[in-house]
Colleague: 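This is the structure I have questions about; it appears just below.
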Amino acid sequence: MADNLPSEFDVIVIGTGLPESIIAAACSRSGQRVLHVDSRSYYGGNWASFSFSGILSWLKEHQENSDIVNEGPAWHEQILENEEAIALSRKDKTIQHVEVFCYARYVNRDLHEEVEEAGALQKNHASLISENPTEAVHSAYLPSEDESLCTASCEMLTEQTPSSDLETALEINNVKVTGETEKHDDKTCMKSASEEETSKNVPTTKGTALQPKKTRITYSQIIKEGRRFNIDLVSKLLYSRGLLIDLLIKSNVSRYAEFKNITRILAFREGRVEQVPCSRADVFNNKQLTMVEKRMLMKFLTFCMEYEKHPEEYKAYEEITFSEYLKTQKLTPNLQYFVLHSIAMTSETASNTIDGLKATKNFLHCLGRYGNTPFLFPLYGQGELPQCFCRMCAVFGGIYCLRHSVQCLVVDKESRKCKAIIDQFGQRIISKHFLVEDSYFSENTCSHVQYRQISRSVLITDRSVLKTDSDQQISILTVPGEEPGTFAVRVIELCSSTMTCMKGTYLVHLTCTSSKTAREDLEPVVQKLFTPYPETETENEEVEKPRLLWALYFNMRDSSDVSRNSYNDLPSNVYVCSGPDSGLGNDNAVKQAETLFQLICPNEDFCPPPPNPEDIITDGDSLQSEASEASVILEANSETPKESASLGNPEEASQ
């Protein structure tokens, strides 16, 4: 590959996360020659999505990466007297405190070669507990003499979403998990396609013998259906009028993805999960609110939509928290709770009055564009979004090299500008601008950087946290911190129609700003909302909470608030891209991408819409060409049914 790679580019991008992918696409669209490299074997970095076997491969790859011992730098020989080098790290230290738990029973007879997921691990039946993330992951793959269940050598396939352009084989030998306890039994079973078709034709009556009995989902079935899982490392939603949606529409990148509308906003109050009314229709159809409460809520939400026009209503309360401000607005405790935690999506101490009003207005402003809630979710997971921009970049000539590491940046001593990189093959590649994801910098470069951490958990469960007539609900729930000053936990529950999990299961993401390890931060919330499978259960046992089938905890680095000046001696033409932040939306990534793009390509339009084939004119006067270009821009930016179609049918999205 190195022999075929050009030796000079305008822009070199190291890392394939969302900000880097947007910048690469924008630069390529503006005519820049772009080289996009990533030492990982998959697109997206910490923004990526994986199938079930893919996430296990990611854990293994992370463990192997942690064990890397840097060898002697061969690139020293290529550094000239008037040059110096900035070494890049070969270790990814953005993920820590990895712990995995499997509660679903392993049933060997359910595994058949013809239905196994290609490359799936045969067993991961226990918990991985270690303060050292390397030890935790490593223990999941070591063979044991007293192994009682079958294990086998197999080729692991690092799988991302179905639209991924890359499938990379990783070899895992003698897979073994050392466990504390084995959880047996559950009440739900994933049926085969033929069984599902048969069951659809069988009439059922509630409370009669004709109703089919649900059986337990096993770990074997999760393995078999592993390709149906798309597990995001980062959990976010798209505000329907947010910067990312606007960019997707403007650039026409939305044609590479499909979206579904979030169907429910939930709240956790007094030990119960409740649905929050957020639109006018929801408010008046809600049976939990009195007529007086409905009028109070509508009056307050109407004020929030135009609060800037009535400064006399909030000026005296600017210095207090939004929670205290709500108490002055004659709202009942019930309404205060809903507005604070499920509409403004903040906590008692996190936001002042102005921030709370802005968040509430933004929530209300995004209502109704594509559905009954303000949020959209991309089919196949958030990992689709970086890949969408990668496709746009490739269309305009960008070159991508995965599993292609960069050893160092070459800096000219006189000009103090970066002039080239040296890759793993020892090839020197020249460029004018260099964008580097934060995780690629060495400890020496980041010695003065203070990072925050994000606590993450990914769960597979057998049913929703709030049961309704439909089993295809997509929900967001905010659980307040138990103690004052602790962070609220954001819970996003995805059903199988999002193409992120198999039928009969839900994929649940929990996220908060870290105060301890991910498990310590999130396990109390997991215990409130879910229950592990019991050792035994009676036939008619009623279970109030959804049951856990599988759980993953890990901490992820948040570099979004790091100042560029915190890095040591970076040349002015080396730009830093941060990893995911803990926020719900993607505005930070889009703002960062646009800011860095303007530094590289001043006076250039940021991701302009590409011309439609029918609008490309080979002959004709300039006026006709300008008119065509204007029509393209108006078409991409107008709020018409055509815009909605670019993000998927809004009627389908709201289902």
Side-chain angles (χ1 to χ4, degrees), residues 9 11-20 23-24 35-40 45-47 62 65-80 82-96 133 404-424 426-454 555-581 588-589 592-593 595-596 599-600:
F9 291 86
V11 181
I12 293 178
V13 182
I14 304 175
T16 53
L18 184 59
E20 302 96 281
I23 297 168
L35 172 64
H36 209 154
V37 298
D38 198 330
S39 62
R40 304 176 181 93
N46 284 349
W47 303 78
H62 175 264
N65 180 277
S66 299
D67 288 343
I68 289 177
V69 177
N70 284 324
E71 300 174 355
W75 44 265
H76 272 183
E77 302 173 358
Q78 300 193 39
I79 303 301
L80 306 179
N82 64 334
E83 298 173 342
E84 60 184 38
I86 299 177
L88 298 183
S89 175
R90 296 181 61 192
K91 297 182 180 181
D92 184 357
K93 297 184 177 180
T94 60
I95 305 296
Q96 297 179 333
H404 193 102
S405 62
V406 176
Q407 299 189 75
C408 69
L409 306 174
V410 181
V411 180
D412 184 83
K413 290 183 178 179
E414 295 182 2
S415 64
R416 299 304 304 167
K417 292 287 187 71
C418 186
K419 58 194 296 188
I421 63 170
I422 298 177
D423 68 8
Q424 65 190 58
Q427 180 179 357
R428 177 183 286 235
I429 305 174
I430 300 172
S431 182
K432 301 174 184 176
H433 304 278
F434 302 81
L435 290 103
V436 185
E437 182 196 323
D438 169 88
S439 65
Y440 282 90
F441 287 116
S442 66
E443 292 184 359
N444 290 336
T445 303
C446 303
S447 60
H448 295 97
V449 177
Q450 297 293 324
Y451 293 108
R452 294 185 300 184
Q453 295 288 323
I454 304 170
N555 289 90
M556 177 183 289
R557 177 191 293 177
D558 180 356
S559 55
S560 60
D561 64 340
V562 175
S563 169
R564 190 185 186 282
N565 297 329
S566 300
Y567 300 95
N568 297 328
D569 301 325
L570 284 185
S572 59
N573 61 337
V574 174
Y575 312 97
V576 184
C577 291
S578 69
D581 61 359
N588 183 68
Q592 181 180 172
T595 299
L596 296 180
L599 294 176
I600 297 171

Colleague: Would you say Asn568's side chain and Asn444's backbone share a donor-acceptor pair under 3.5 angstrom?
Modeller: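 Indeed, once roles are kept as given, a pair shorter than 3.5 Å links the two residues.
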Colleague: So does Ser405 get a backbone contact from the side chain of Gln424, meaning a donor-acceptor N/O pair under 3.5 Å?
Modeller: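 Yes, because the side chain of Gln424 sits within donor-acceptor range (under 3.5 Å) of the backbone of Ser405.
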Colleague: Which one of Lys419, Lys413, Arg416 satisfies the salt bridge (Lys or Arg N to Asp or Glu O under 4.0 Å) criterion with Glu84?
Modeller: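 Among the candidates, only Arg416 passes.
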Colleague: Kindly indicate, with the supporting measurements, whether the criterion side chain to side chain contact (heavy atoms under 4.5 Å, CB included) is fulfilled by Ile23 and Val11.
Modeller: CA-CA 10 Å; Ile23 297 168; Val11 181; 5.7 Å; no
Colleague: Is there a donor-acceptor pair under 3.5 Å between the side chain of Asp38 and the backbone N or O of Thr16?
Modeller: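 It does hold such a pair.
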Colleague: Quick check against the 3.5 Å criterion: does His36 have a side-chain atom that pairs as donor or acceptor with the backbone of Gly15?
Modeller: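 Yes.
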Colleague: Less than 4.5 Å apart, any side-chain heavy atom of Phe441 and any of Leu570?
Modeller: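 Sidechains of Leu570 and Phe441: in contact.
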Colleague: I'd like to know if the side chain of Ser560 and the backbone of Ser578 have a donor-acceptor N/O pair within less than 3.5 Å.
Modeller: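 Not confirmed, Ser560 side chain does not pair with Ser578 backbone.
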Colleague: Just to verify, which of Ile422, Thr445, Ile86 counts as forming a side chain to side chain contact (heavy atoms under 4.5 Å, CB included) with Leu409?
Modeller: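 Option passing the side chain to side chain contact (heavy atoms under 4.5 Å, CB included) with Leu409: Ile86.
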Colleague: Side chains of Ser89 and Glu443: does their closest heavy-atom pair fall under 4.5 Å?
Modeller: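 No; the side chains remain at least 4.5 Å from each other.
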Colleague: Take Thr94 and Tyr451 through the test side chain to side chain donor-acceptor pair (under 3.5 Å) and record every step on the way to the result.
Modeller: CA-CA 10 Å; Thr94 60; Tyr451 293 108; over 6 Å; no
Colleague: Is any side-chain heavy atom of Tyr440 less than 4.5 Å from a side-chain heavy atom of Val406?
Modeller: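 Not in contact.
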Colleague: Any side-chain heavy atom of Leu88 sitting closer than 4.5 Å to one from Ser39?
Modeller: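 The answer is no; the side chains never approach within 4.5 Å.
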Colleague: So do the side chains of Val449 and Tyr567 get within less than 4.5 Å of each other, counting heavy atoms only?
Modeller: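 Result yes, sub-4.5 Å side-chain heavy-atom pair found.
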Colleague: Quick check: closest heavy atoms across Pro580 and Ile454, and the distance to 0.1 Å?
Modeller: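 Distance-wise, the nearest heavy atoms are O-CD1, 3.6 Å.
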Colleague: Go through the steps to decide whether Ser431 and Leu35 satisfy the test side chain to side chain contact (heavy atoms under 4.5 Å, CB included), and finish with yes or no.
Modeller: CA-CA 9 Å; Ser431 182; Leu35 172 64; over 6 Å; no
Colleague: From Asp558 CG over to Met556 CE, what is the distance, rounded to the nearest 0.5 angstrom?
Modeller: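 The distance works out to 10.0 Å.
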Colleague: Under the side chain to side chain contact (heavy atoms under 4.5 Å, CB included) test against Phe434, which residue among Val410, Ile14, Ile12, Ile600 passes?
Modeller: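 Of all the options given, the one that passes is Ile12.
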Colleague: Taking all non-hydrogen atoms of both residues, which atom of Ala87 and which atom of Cys408 are closest, and how far apart?
Modeller: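 Of all heavy-atom pairs spanning Ala87 and Cys408, the closest is CA-CB, 4.0 Å.
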Colleague: Can a donor-acceptor pair be found, under 3.5 Å and without considering hydrogens, that links the side chain of Glu20 to the backbone of Val13?
Modeller: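 Not at all, since once roles are kept as given, no pair shorter than 3.5 Å links the two residues.
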Colleague: Do Glu83 side-chain atoms and Asp412 backbone N/O form a donor-acceptor pair below 3.5 Å?
Modeller: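 No, because the side chain of Glu83 does not come within donor-acceptor range (under 3.5 Å) of the backbone of Asp412.
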Colleague: Are the side chains of Lys93 and Cys446 in contact, using a 4.5 Å heavy-atom criterion?
Modeller: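 With C-beta onward as the side chain, the pair stays apart.
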Colleague: Look only at the side chain of Asp438 and the backbone of Val576, and say whether a donor-acceptor pair between them is shorter than 3.5 Å.
Modeller: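 Between the backbone of Val576 and the side chain of Asp438 there is no qualifying donor-acceptor contact (under 3.5 Å).
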Colleague: Any idea which heavy atoms bring Ser439 and Arg40 closest together, and the distance?
Modeller: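 Between these two residues, the closest heavy atoms are OG-NH2, 3.4 Å.
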Colleague: Nearest 0.5 Å, what's the OG-CD distance between Ser559 and Glu437?
Modeller: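 Ser559 atom OG to Glu437 atom CD measures 7.5 Å (nearest 0.5 Å).
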Colleague: In the structure I gave you, are the side-chain heavy atoms of Lys417 and Ser572 within less than 4.5 Å of one another anywhere?
Modeller: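 They are in side-chain contact.
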Colleague: Does the side chain of Val37 reach to within under 4.5 Å of the side chain of Ile429, using non-hydrogen atoms?
Modeller: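 Sidechains of Ile429 and Val37: no contact.
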